[in-house]
Amino acid sequence: MAVGITQQTVPTSSQQDDAVIVVDQVSKKFCRDLRRSLFYGIQDIAADLGGWRRKSEFLRQDEFWALQNVSFRLHRGEALGLVGTNGAGKSTLLRIISGLIKPDTGCVRIRGRLAPLIALGAGFNPILTGRENIYANMSILGVSTQEIKKRFDQVVEFAEIWEAIDAPVQTYSSGMAARLGFACAIYTEPEILLIDEVLAVGDARFKAKCYRRLYELRKKGTSFILVNHNPQAILNTCDSAIYLSQGKLVASSDAETIISQYEEDLFLNGAERYPCKLDLPPKPPEESLGLDVTSLFFRGTQSEILESLRSGQALSFCVVCQARQAFSGITLHLSISKIGGEDSVGTILYLSGDNDNIFFDMPAGSHEIQLQLPYLGLEPGAYTMKVKLKKDSIYSFDVVESFRFTVTADGKMSKCRFYQPRSWQLVSSPLQS
Amino acid sequence: MPPEIVYTPESLLKRPHLLAHLMWRDLLASRELAWRLMVRDINAQYRQAFLGIIWAFLPPIVMAAGFTLAKDANVITVSETDIPYPAYVMFSTALWQTFVEALNGPIQAVTIAKPMLARVNFPREALILAKLGEVGFNFGVKLILIVALFLWFQVPVSWMVILTPVALIHLILLGTLLGILLAPLGVLYQDVSKGLTMLTGFWLFITPVVYPIPKEGIFGLLVRLNPVTPLLVTTRELATTGVISDAGSFWLVSALTLLGLIFTWVMFRLAMPYVIERVSS
């Protein structure tokens with residue numbers, strides 16, 4: 001752990017590469033108890049002033065590692081995505097890189113002017129006008145008055161607030177204030193940009209404009225680190241990505257690999273990985289309506305019961321039911337919705353025997369209804385399915401509110417919302433001479 | 001290649017050259033920002049107040065009226081002052097107020113700027129400089145009152161008045177020194193600002209603002225040990241009689257203030273990252 005506390009551990013490397021940020025074995029600890037945390041703060045200040053060692057590499061009571069031995073490099077002109085769940089240490093890492101707080105172990109080396117897009121509208125005073133606030137805000141971000149004058153028109157143009165520029169900022173809508181903040185920050189023209197989930201502001205059109213601007217900056221050679229919960233944004237903007245989990249760097253690779261790993265962990269990890277089978281206890285006769293669902297599961301092509309599902313797989317969805325007497329006109333409805341993620345609203349797949357005009361006649365006894373799916377079209381993720389067993393589309397016998405299952409990736413499905421069965425071929429015709 | 005910036009856990013005190021270099025660089029870099037912040041704060045301050053600059057005049061006038069009435073009714077006895085008593089109280093109160101503003105300035109500035117401090121790495125010196133500017137500006141406004149006062153009461157002024165700014169600046173710097181010393185603590189613990197309000201109340205009591213320096217007793221000793229006394233009294237004497245009663249104490253406190261200022265500046269710089277990591281997210 002003592003590695004990297006002193007300066008010598010990383011060779012000063014002008015010849016080595018063109019890294020603009022080198023993060024080497026950086027750790028940071030925080031304290032969960034406020035009172036104690038403040039006291040530790042005083043202790044640290046005293047140690048620093050006294051010039052004695054803080055022993056920062058050891059945890060004190062109630063402390064935990066918010067970041068632990070994180071190392072990576074950012075090269076000139078590179079865009080790096082930073083993903084991780086809430087509390088993984090993303091913001092802490094950005095704050096160490098921007099020099100706001102000191103690392104507890106390791107070191108950070110920066111080459112070039114760095115601007116954080118963490119603080120949109122830092123120092124905005126609601127009483128003052130937009131014009132005055134642009135000057136104050138950009139000064140805080142380190143732009144000289146002369147430069148601000150030069151860029152002023154561009155900032156206002158970008159924020160689209162010409163008509164409100166001389167009105168107090170407190171009269172602005174939240175979107176306008178956010179746009180102004182973003183415009184101020186982006187026109188500081190830094191060499192390195194740290195962007196912490198700020199692109200969530202404004203409407204879709206403004207967001208698109210922000211991304212366009214980022215793209216332009218990148219072409220000019222600006223490097224950036226982008227933190228975003230929206231994987232699509234990272235895939236569109238970044239070439240490589242790093243993945244933080246509970247303060248540790250768990251993976252570092254190209255953006256696509258990292259995003260798919262992150263998504264898989266996010267939706268499919270431990271607690272959320274559902275078994276793809278549900279057995280229901282038999283109902284007491286007084287609750288039964290005569291036809292009960294007893295179990296739900298999937299079968300593969302060899303009729304084997306599946307324990308996990310993959311996008312694109314051929315399978316059958318099976319409903320086992322118990323009929324206490326003979327029925328006719330039995331049909332099945334199922335609606336599937338996604339769990340978690342931004343698109344978890346509403347049903348994404350609804351299948352009914354009704355629509356397909358499929359009705360079964362059942363004598364008393366046990367039956368298995370099989371719904372054959374030549375390709376599973378769902379993207380990777382966790383799902384919940386509502387199953388209804390009906391008669392003539394009016395009368396419900398039994399309803400299973402939530403049958404949960406998970407779908408994993410087939411390895412070829414990044415950037416897709418659904419599985420498309422497909423085949424490729426090349427048709428050539430010889431040259432006519 | 002632009003110069004490389006390195007952040008490590010170790011204390012910058014171990015590399016005094018680098019520390020001095022960084023301090024100098026940031027001081028230069030913060031001038032423009034300090035100006036902006038000052039303009040912003042002064043603008044905001046006056047834009048939301050109906051009475052505007054009248055607020056700078058009111059406290060000394062109210063204080064002087066109260067004490068003059070009390071003195072005339074013999075509720076309090078005050079020995080003879082060099083200049084008419086109402087003028088004495090008003091002028092001294094204006095000086096005292098300036099000192100208190102300088103004292104509270106850094107703590108207020110840092111506390112209000114917490115969200116900004118937690119997110120942007122700008123030269124922290126700018127906050128202090130902006131407050132100093134604001135204190136200066138506010139004193140400038142009070143100067144209108146003081147000049148009017150001197151004319152009204154026909155207070156004689158000697159040529160020494162041109163040296164007054166020197167003493168006044170030392171008075172402001174003493175306040176700033178103490179303010180910077182307390183600022184990092186003040187962000188962490190609210191006790192600091194609460195205690196300070198109480199302390200300044202008592203402090204006013206042992207500073208010769210509404211009375212001349214007493215010569216005897218424990219109270220006289222307290223007043224003379226109070227570091228504000230020589231600075232405030234000398235400022236007042238330079239502006240009025242031109243006769244300095246205790247030049248020795250004045251220079252002693254001034255020298256300590258200037259030395260202490262450098263020490264507290266270093267402390268402030270080293271402490272801020274630790275403070276920021278405790279307050280924010």
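- With hydrogens and angles left out, the side-chain atoms of B:Asn121 and A:Ser98 include no donor and acceptor closer than 3.5 Å.
- Heavy-atom distances place no part of B:Ile112 under 4.5 Å from chain A, backbone and side chain included.
- Separating the CD1 atom in A:Ile45 from the OH atom in B:Tyr274 is a distance of 8.5 Å, to the nearest 0.5 Å.
- Of all non-hydrogen atoms in A:Ala136 and B:Arg40, the two that sit nearest each other are CB-CD, 3.9 Å.
- No more than 12 heavy atoms of other residues, nucleotides or ligands shown are found within 6.0 angstrom of CZ on B:Phe263.
- Both the backbone and the side chain of B:Leu188 come within less than 4.5 Å of a heavy atom of chain A.
- Note that the NZ atom of B:Lys14 and the CG atom of A:Asp48 stand 8.5 Å from one another [nearest 0.5 Å].
- Taking every heavy atom of both residues into account, B:Ala44 and A:Ile127 meet most closely at O-CD1, 4.4 Å.
- A salt bridge links B:Glu277 with A:Lys28: at least one charged nitrogen is closer than 4.0 Å to a carboxylate oxygen.
- In this structure, A:Leu100 CG and B:Phe122 CZ are separated by 9.5 Å, a value rounded to the nearest 0.5 Å.
- Distance alone, capped at 3.5 Å, is enough to place a donor-acceptor pair between the B:Glu32 side chain and the A:Thr145 backbone.
- B:Asp26 meets the side-chain hydrogen bond (donor to acceptor under 3.5 Å, both in side chains) test with B:Arg269; sequence neighbours excluded.
- Rounded to the nearest 0.5 Å, atoms CD1 (A:Ile140) and CG (B:Leu117) are 9.5 Å apart.
- Looking at A:Asp104 and B:Pro9, their side chains never come closer than 4.5 Å, going by heavy atoms from C-beta outward.
- Heavy atoms of other residues, nucleotides or ligands lying less than 6.0 angstrom from CH2 of B:Trp35 number 12 at most.
- Among A:Ala115, A:Ser37, A:Gly142, the residue with the largest count of heavy-atom pairs under 4.5 Å with chain B is A:Ser37.
- In terms of heavy-atom pairs under 4.5 angstrom with chain B, the leader among A:Ala46, A:Pro103, A:Gly41 is A:Pro103.
- Note that CD1 of A:Ile110 is 6.0 Å distant from OH of B:Tyr7, once rounded to the nearest 0.5 Å.
- Across every non-hydrogen atom of B:Pro273 and A:Ile101, the tightest pair is O-CG2, 4.0 Å.
- For A:Ile96, the part lying under 4.5 angstrom from a heavy atom of chain B is the backbone only.
- Taken to the nearest 0.5 Å, the CD1 atom of A:Ile21 stands 10.5 Å off from the CD1 atom of B:Ile5.
- Proximity to chain B is absent for every atom of A:Gln43, based on heavy atoms less than 4.5 angstrom apart.
- Smallest separation of non-hydrogen atoms from A:Phe39 and B:Tyr189: N-OH, 3.5 Å.
- Scanning all heavy atoms of the two residues, the minimum distance from A:Cys31 to B:Arg278 falls at CB-NH1, 4.1 Å.
- Listed by chain and number, the residues in a side-chain hydrogen bond (donor to acceptor under 3.5 Å, both in side chains) with A:Arg131 are A:Asp166 (sequence neighbours excluded).
- The number of heavy-atom neighbours closer than 6.0 Å to CZ of B:Phe205, taken from other residues, nucleotides and ligands shown, is 12 or below.
- Counting non-hydrogen atoms of neighbouring residues, nucleotides and ligands closer than 6.0 angstrom, the CD atom of A:Gln246 reaches no more than 12 such neighbours.
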